[in-house]
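These figures come from a predicted structure and were not determined experimentally. First the proteins, then the strands, lettered A, B, ... as listed; each starts at 1.
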Number of protein chains: 2
Amino acid sequence: MQQDVLRSELRRRKQRMTAQRELVLKAFADTDAEHLSSEEVYRKVLEKRLRISKATVFRTVELLAEVGILRKIVFRDGIVRYELVEENENEDQQIICNQCGKAFDFSLDKVDALIKKAEKKTGFKIDEVQIKFYGLCPECQERLERIRKATNSAHI
Amino acid sequence: MQQDVLRSELRRRKQRMTAQRELVLKAFADTDAEHLSSEEVYRKVLEKRLRISKATVFRTVELLAEVGILRKIVFRDGIVRYELVEENENEDQQIICNQCGKAFDFSLDKVDALIKKAEKKTGFKIDEVQIKFYGLCPECQERLERIRKATNSAHI
DNA sequence: ATAACTGCAAATCATTTGCAGATTC
DNA sequence: GAATCTGCAAATGATTTGCAGTTAT
C-alpha cells in the first residue's frame, strides 16, 4: 500500500528506499494512535529492538510529509505530530476540550459547502481545510457544574 | 480599554501592573499586524528605545493569554503567535497560500450553523473555532499556470 | 562506482528557569 | 517592607546540521 507509493515517489525523486524509511512508515501503519510525534516514532522503533537515530526520524518524517504520505499537524500547544493521510480527508475535524485537553475527531458534512463558499469569496483554489473546535467536553461540563455547586454551598 | 481590563484582573490575582506589561499590551494595540510572536513584540518595544528583556516578554504574553486579553495561536509551521481577542470572534477565518505563504483573513457566515451542528453531534459546549483553509491564491494560480505552459512548450 | 543515506555529536533556536536586585502596592 | 517583577545568564528541549562512514542502485 503506502510502501509502494513511497517506492515510486522515491524513484521519481532519485532517492532511495531504506530500512529506516520502512521502519518509520511501519510505525504509523502499526499504531492505533491517531498521531505520532518524532519522539514517539523513535521510541516505537527502538521498542522493536531495531536501530535508528533521532535525526533520521526527523528527516524521514519530513520526507514522508513532503511526499504526501503523512500530514504534519502542529498542535495547539506547539507539539508537532504527524498522521497518515487517509481518503476521508475533509471530513475529519478536530474537537478539543479546553479543560481536560482531550481531542476527538469527528466528521461533519457541510464542510464541502464551506469550501465552495470560501473559494468563491477569495478566488483561492483550496485543497485543505483544518477546522478546530475548542470547548468543554460533556464530562468536564458535568464535573465543573458539580464543583460549582459544591463551592457555592460551602461559601454562601 | 484593555488596560483597565488588565488592571482589574491583576488586582483580582494579587499581581501588579508594571511598565513592561503596559509596553507589551501597547505593542499589540499599536501594530496593524494581525499576530505577533514574542520575538516581534520584543523588537517592537526595543524600536521605541524602551527596555525589556525577552524573558519578560515571554512571561507577559503568557499572562495576557491566561487573562483572556490575548489569544495564543500555534501556526502550522510551529511558530507561536498571539493576537488581541476581539468581539467579532468566530467570523474571521484564515486562508493561507501554500505557494507564497501569504495569509488573509476573511469572514464567513455559516460558521455559527457549523458550531451548532458540532455541538449537537458531540455534546461539547464550543466556545472557539479556528478554521484554516490552505490552497493557492489567485496570483500563484496564474503564475504557476504560466510556468507550466512555458515548461511544456520547452520540453515537448 | 557513486550518489544518497545514516548516525553521531555539535550547533541552533525558541522558550524556560533560578536567582539577586529593582519595583509596586 | 514585603511580595511580586524583571533582567540576566545558564538550562532545557526540540529540531537541524556537518561530516565521515555506510548502503542502495
Side-chain angles (χ1 to χ4, degrees), chain A residues 3-4 6-27 35-46 48-67 69-82, chain B residues 3-4 6-27 35-46 48-67 69-82:
Chain A
Q3 288 258 2
D4 309 327
L6 179 54
R7 277 213 149 71
S8 60
E9 255 309 310
L10 288 176
R11 204 168 304 125
R12 183 188 346 278
R13 293 159 152 253
K14 304 200 185 192
Q15 292 182 304
R16 291 166 187 176
M17 187 50 143
T18 66
Q20 288 83 346
R21 286 171 183 177
E22 267 189 60
L23 287 172
V24 171
L25 189 48
K26 200 161 286 175
H35 324 273
L36 296 176
S37 66
S38 296
E39 177 69 29
E40 286 162 351
V41 171
Y42 176 67
R43 277 192 262 113
K44 278 191 178 296
V45 174
L46 290 200
K48 293 191 193 166
R49 321 204 145 282
L50 299 166
R51 305 200 102 263
I52 201 170
S53 73
K54 277 197 187 180
T56 298
V57 173
F58 279 106
R59 286 185 281 227
T60 303
V61 117
E62 199 50 43
L63 170 70
L64 294 177
E66 268 178 40
V67 164
I69 292 176
L70 297 182
R71 184 198 346 279
K72 180 177 187 170
I73 301 181
V74 179
F75 277 60
R76 205 196 200 188
D77 55 7
I79 293 177
V80 177
R81 286 162 192 275
Y82 296 80
Chain B
Q3 288 258 3
D4 308 328
L6 180 53
R7 276 212 149 73
S8 60
E9 257 307 313
L10 288 175
R11 203 167 306 127
R12 185 191 338 282
R13 295 160 151 251
K14 305 198 185 195
Q15 292 181 305
R16 291 167 186 175
M17 187 51 142
T18 66
Q20 288 83 345
R21 287 172 182 175
E22 268 189 59
L23 287 172
V24 170
L25 188 48
K26 200 160 286 176
H35 324 274
L36 296 176
S37 65
S38 297
E39 176 69 30
E40 287 161 351
V41 172
Y42 176 67
R43 277 192 261 114
K44 277 192 178 296
V45 174
L46 290 201
K48 293 192 194 162
R49 321 204 145 282
L50 298 166
R51 304 201 101 263
I52 201 170
S53 74
K54 277 196 187 181
T56 298
V57 173
F58 279 107
R59 287 185 280 228
T60 303
V61 116
E62 198 51 42
L63 169 71
L64 294 177
E66 268 178 42
V67 164
I69 292 176
L70 296 183
R71 185 197 345 279
K72 180 177 187 170
I73 301 181
V74 179
F75 276 59
R76 205 197 201 186
D77 54 9
I79 294 177
V80 177
R81 286 162 192 277
Y82 297 80

Trainee: Could you check whether B:Glu9 pairs with B:Arg12 (Lys NZ or Arg NE/NH1/NH2 to Asp/Glu carboxylate O, under 4.0 Å)?
Mentor: yes
Trainee: Please give, in whole Å, the distance from C:dT6 P to A:Glu62 CD?
Mentor: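 After rounding, the gap between these two atoms is 14 Å.
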Trainee: Output the rounded distance in Å from CD (B:Gln20) to P (D:dT4).
Mentor: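 That distance rounds to 17 Å.
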Trainee: B:Leu64 has an atom CG; how far is it from atom C1' of D:dC5, in whole Å?
Mentor: 14 Å
Trainee: Hey, does A:Lys14 reach any base, or is it just sugar-phosphate, or nothing, if we go heavy atoms under 4.0 Å?
Mentor: sugar-phosphate
Trainee: Would you indicate which nucleotide in C:dT17, D:dT4, D:dT25 comes nearest to any side-chain atom of B:Arg16?
Mentor: D:dT4
Trainee: Measure CD/B:Glu40 against C1'/C:dC13 and give the value in whole Å, please.
Mentor: 15 Å
Trainee: Before you tell me yes or no, could you show the steps for A:Glu22 and A:Arg7 under side-chain contact (heavy atoms from CB on, under 4.5 Å), namely the whole-Å CA-CA distance, both residues' side-chain angles and the distance that decides it to 0.1 Å?
Mentor: CA-CA 10 Å; A:Glu22 267 189 60; A:Arg7 277 213 149 71; 4.1 Å; yes
Trainee: Tell me the interatomic distance from B:Leu6, atom CG, to D:dT4, atom C1', rounded to whole angstroms.
Mentor: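 These atoms are roughly 15 Å apart.
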Trainee: Nearest whole Å is fine: how far is C:dT6 P from A:Leu63 CG?
Mentor: 9 Å
Trainee: Rounded to the nearest 0.5 Å, what's the gap from CG on B:Leu25 to CG on B:Leu6? Could you check?
Mentor: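 Output value for this atom pair is 6.0 Å.
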Trainee: Given side chains that start at C-beta, do those of A:Gln20 and A:Arg51 come closer than 4.5 Å, heavy atoms only?
Mentor: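 A side-chain contact under 4.5 Å is absent here.
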Trainee: Provide, to the nearest angstrom, the distance between the CG atom belonging to A:Leu23 and the C1' atom belonging to C:dC5.
Mentor: 14 Å
Trainee: When the nearest nucleotide of DNA chain D is assigned to B:Lys54 and to B:Arg13 on a heavy-atom basis, which residue is associated with the more 5' position?
Mentor: B:Arg13
Trainee: OP1 or OP2 of D:dC5 less than 4.0 angstrom from a side-chain nitrogen or oxygen of B:Arg21, does that happen here?
Mentor: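 For D:dC5, OP1/OP2 do have a side-chain N/O of B:Arg21 under 4.0 Å.
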Trainee: Between B:Glu39 and B:Ala19, just flag the one whose closest nucleotide in DNA chain C comes earlier from the 5' side.
Mentor: B:Glu39
Trainee: So which nucleotide from C:dG7, C:dC5, C:dA14 ends up closest to the side chain of B:Phe58?
Mentor: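 That would be C:dA14.
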Trainee: Please determine, for the side chain of A:Arg51, which listed nucleotide (C:dT15, C:dC8, C:dT6) has the closest atom?
Mentor: C:dC8
Trainee: Please confirm whether the shortest side-chain N or O distance from A:Thr18 to OP1 or OP2 of C:dT6 is below 4.0 Å.
Mentor: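 Yes, A:Thr18 has a side-chain N/O under 4.0 Å of OP1/OP2 on C:dT6.
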Trainee: Side-chain N or O of A:Thr56 less than 4.0 angstrom from OP1 or OP2 on C:dG7?
Mentor: yes
Trainee: If you only use heavy atoms from C-beta on, which nucleotide in D:dT15, D:dT4, C:dG18 is closest to the side chain of B:Arg59?
Mentor: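 Nucleotide nearest to B:Arg59's side chain: C:dG18.
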Trainee: Does a side-chain N or O from B:Gln15 land closer than 4.0 Å to OP1 or OP2 of D:dA3, or not?
Mentor: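 Result: no.
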Trainee: If you count the non-hydrogen atoms of other residues, nucleotides and ligands that lie under 6.0 Å from CZ in B:Arg13, is the total more than 12?
Mentor: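 For B:Arg13, atom CZ is crowded (more than 12 foreign heavy atoms under 6.0 Å).
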Trainee: In this structure, how many angstroms lie between the P atom of C:dT15 and the OH atom of B:Tyr42, rounded?
Mentor: 14 Å
Trainee: Could you say whether A:Arg7 or B:Leu10 is positioned toward the 5' end of DNA chain D, judged by the nucleotide with the nearest heavy atom to each?
Mentor: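 Whichever sits nearer the 5' end wins; that is B:Leu10.
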Trainee: Mapping B:Met17 and B:Ser37 to their closest nucleotides on DNA chain C, which lands nearer the 5' end?
Mentor: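 In this pair, the answer is B:Ser37.
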Trainee: Check A:Lys44 with A:Glu40, please: is the shortest side-chain N to carboxylate O separation under 4.0 Å?
Mentor: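 Salt bridge: no.
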